[in-house]
Amino acid sequence: MEQQHDALEQMRETIAQCDAAITEALKTRMACIEQIIQYKRENGVPILQPEQEKKQLDVVKHSTKDSVFRHEIIHIFEGIIENSKRIQAKTLFEKNILLIGFMGAGKTTVSACLGNLLAMEVMEMDAYIQKKEGMSIKDIFAVHGEEYFRNCESNTLISLQERRHVVVSCGGGVPLREKNVELMKKSGYVVWLTATPEAIFDRVKDSTERPLLNGNMRVDFIQDLMESRREKYEAAADIKIDTTNKDIVEICEELLQKLSALEKNKH
Ligand code: S3P
């Protein structure tokens, strides 16, 4: 009995040593991630390198080929990689990233991609309001009117003030109110996504969920509405990115390079 307890203590001691080694290795790994992101920022190296993550995971997969714990170890490494993305985002930006721009400019797609590549929380403002109000944007406009919907948008921005490291895909009309622009600027970087009216038309032509375009689904209408909003978007934006004919990772990389240049100049 006595001897069995000794064996148990020994195994616990081994586990404690493993935990200490893992903790130290994680501390070194995470500090390295911070240094890498600073290096990339200073030397103009692309920030998003999804292929690098795949390589790291492949090495783990290979070296656990014969282990009975293969799945568990891979699962842990997936968590480590996810955490590394989060560290990158925190090193890059202190606050939130708010995407503005006309309907169909790419806000939803870009926010989802950034959320995925940098493990940032994503807030899709339209979806958030729909959930909170329990009805579609189309119905909110029809039942309560546009002014009510615009108040929902302002309230959402107020509720964002305490949050950090969120990518927010704002509804196309958010920057039209001056108060909203103030709130957005306090909350983080404002990124204006643009595209040609033809590209916008192509992206939104089948949508029935955009009350402002219902019955007006034409390039000339889109062009006029875009032009009437241009000044407001411009006044709100810290940076501007044209999304026409670019692939999504390219757009995210351009966004991160431009924002990290701004952040660098701040320090
Ligand atoms: C609007 C844009 C829509 C939605 C609503 C009004 C606008 O959001 O908020 O239909 O005024 O431009 P998206 O830009 O995400 O389509």
Side-chain angles (χ1 to χ4, degrees), residues 82 85-86 89-90 92-195 200 203-204 206-214 225-226 229 232-233 235-241 243 248 251-252 255-256 259:
E82 199 64 9
K85 292 184 191 175
R86 216 163 286 140
K90 285 186 182 163
L92 279 171
F93 316 110
E94 282 167 16
K95 300 214 246 164
N96 303 317
I97 299 176
L98 298 103
L99 304 179
I100 61 163
F102 202 74
M103 294 168 262
K107 296 167 298 209
T108 303
T109 317
V110 172
S111 61
C113 186
L114 275 181
N116 183 18
L117 293 170
L118 286 176
M120 291 176 82
E121 193 186 328
V122 177
M123 180 200 251
E124 169 67 34
M125 207 184 264
D126 281 354
Y128 176 87
I129 293 173
Q130 292 189 73
K131 190 159 172 228
K132 200 150 183 261
E133 296 296 312
M135 59 173 103
S136 69
I137 303 291
K138 204 163 87 182
D139 289 346
I140 300 175
F141 268 70
V143 175
H144 300 296
E146 180 168 348
E147 185 68 11
Y148 179 89
F149 173 72
R150 298 299 176 200
N151 291 338
C152 293
E153 291 182 322
S154 300
N155 291 335
T156 310
L157 285 177
I158 291 169
S159 74
L160 249 173
Q161 294 306 308
E162 303 307 314
R163 318 224 343 236
R164 295 284 175 274
H165 306 112
V166 185
V167 190
V168 189
S169 168
C170 299
V174 170
L176 302 182
R177 282 189 177 177
E178 229 162 86
K179 181 77 197 156
N180 288 352
V181 175
E182 242 174 71
L183 287 166
M184 283 195 289
K185 285 196 175 288
K186 259 204 262 168
S187 167
Y189 285 120
V190 182
V191 177
W192 175 21
L193 301 181
T194 65
I200 298 273
R203 294 174 193 169
V204 300
D206 298 322
S207 163
T208 52
E209 270 308 313
R210 290 176 162 113
L212 298 179
L213 297 180
N214 285 353
L225 189 56
M226 275 174 81
R229 289 180 169 188
K232 302 267 184 198
Y233 287 147
D238 291 305
I239 60 165
K240 174 182 170 184
I241 296 171
T243 64
I248 182 68
I251 296 167
C252 290
L255 182 154
L256 293 175
L259 285 190

Test your reading of the model: is there a side-chain donor-acceptor pair from T243 to the backbone of T194, 3.5 Å cut-off?
yes
Step-by-step side chain to side chain contact (heavy atoms under 4.5 Å, CB included) determination, Q161 to L183:
CA-CA 8 Å; Q161 294 306 308; L183 287 166; 3.8 Å; yes
Check against side chain to side chain contact (heavy atoms under 4.5 Å, CB included), M103 and L212:
CA-CA 10 Å; M103 294 168 262; L212 298 179; 4.1 Å; yes
Closest non-hydrogen atom pair between H165 and N96, with its separation
N-OD1, 3.0 Å
Locate the shortest heavy-atom distance separating S154 from N180; write the atom from each residue and the value.
OG-OD1, 2.8 Å
To the nearest 0.5 Å, what is the distance between CG (L160) and CZ (R164)?
10.0 Å
Mind listing the closest non-hydrogen atom pair of R86 and A119 along with its distance?
NE-O, 3.7 Å
Minimum heavy-atom separation for I239 to L255, with atom names?
CD1-O, 4.0 Å
Under a 3.5 Å distance rule, please check whether Y233 uses its side chain to pair with a backbone N or O of M226 as donor and acceptor.
no
Could you check if a side-chain atom of V110 sits within less than 4.5 angstrom of a side-chain atom of I241, using non-hydrogen atoms only?
no
How about CD on E209, more than 12 heavy atoms from neighbouring residues, nucleotides or ligands closer than 6.0 Å, or not?
yes
Hey, what do you get for CE (M120) to CZ (F93), rounding to the nearest 0.5 Å?
6.5 Å
Cationic N near anionic O, under 4.0 Å, E146 to K138:
no
We want to know whether N155 and R150 form a side-chain donor-acceptor pair, criterion being a heavy-atom distance below 3.5 angstrom.
no
Where is the tightest heavy-atom contact between C170 and M184, given as atom of each residue plus distance?
SG-SD, 4.1 Å
Return yes if some donor-acceptor pair links the side-chain N/O of K107 with the main-chain N/O of G101 below 3.5 Å, else return no.
yes
Test item: side-chain donor near acceptor, Y148 and E133, under 3.5 Å:
yes
Spacing of CE belonging to M135 relative to CD1 belonging to I137, to within rounding of 0.5 Å:
10.5 Å
Given side chains that start at C-beta, do those of R229 and F102 come closer than 4.5 Å, heavy atoms only?
yes
L117/K85 under side chain to side chain contact (heavy atoms under 4.5 Å, CB included): CA gap, chis, key distance, verdict
CA-CA 7 Å; L117 293 170; K85 292 184 191 175; 5.8 Å; no
Is there a side chain to side chain contact (heavy atoms under 4.5 Å, CB included) between I97 and L259 once you walk through the steps?
CA-CA 9 Å; I97 299 176; L259 285 190; 3.9 Å; yes
Measuring from H144:NE2 to N151:CG, what's the distance to the nearest 0.5 Å?
11.5 Å
Are any side-chain N or O atoms of K232 and backbone N or O atoms of G173, one a donor and one an acceptor, separated by less than 3.5 Å?
no
Between V168 and L99, is any pair of side-chain heavy atoms under 4.5 Å apart?
no
Is the closest basic N to carboxylate O distance between E121 and R163 below 4.0 Å?
yes
Give the table of side-chain donor-acceptor pairs shorter than 3.5 Å for residues 123-132, with sequence neighbours excluded, one pair per line with atom names and distance.
from : atom 1 : to   : atom 2 : distance (Å)
E124 : OE1    : T108 : OG1    : 3.2
E124 : OE1    : S169 : OG     : 3.2
E124 : OE2    : T108 : OG1    : 3.4

E147 vs R177, test: salt bridge (Lys or Arg N to Asp or Glu O under 4.0 Å). Steps then yes/no.
CA-CA 11 Å; E147 185 68 11; R177 282 189 177 177; 3.3 Å; yes
State the OG-CZ distance between S136 and F141, to the nearest 0.5 angstrom.
10.5 Å
Rounded to the nearest 0.5 Å, what separation is found between the CG atom of N116 and the OG atom of S111?
11.0 Å
Examine the side chains of R203 and T109 and answer whether a donor and an acceptor come within less than 3.5 Å of each other.
no
Given side chains that start at C-beta, do those of L176 and V174 come closer than 4.5 Å, heavy atoms only?
no
Minimum heavy-atom separation for L98 and G188, please, with both atom names.
CD1-N, 3.8 Å
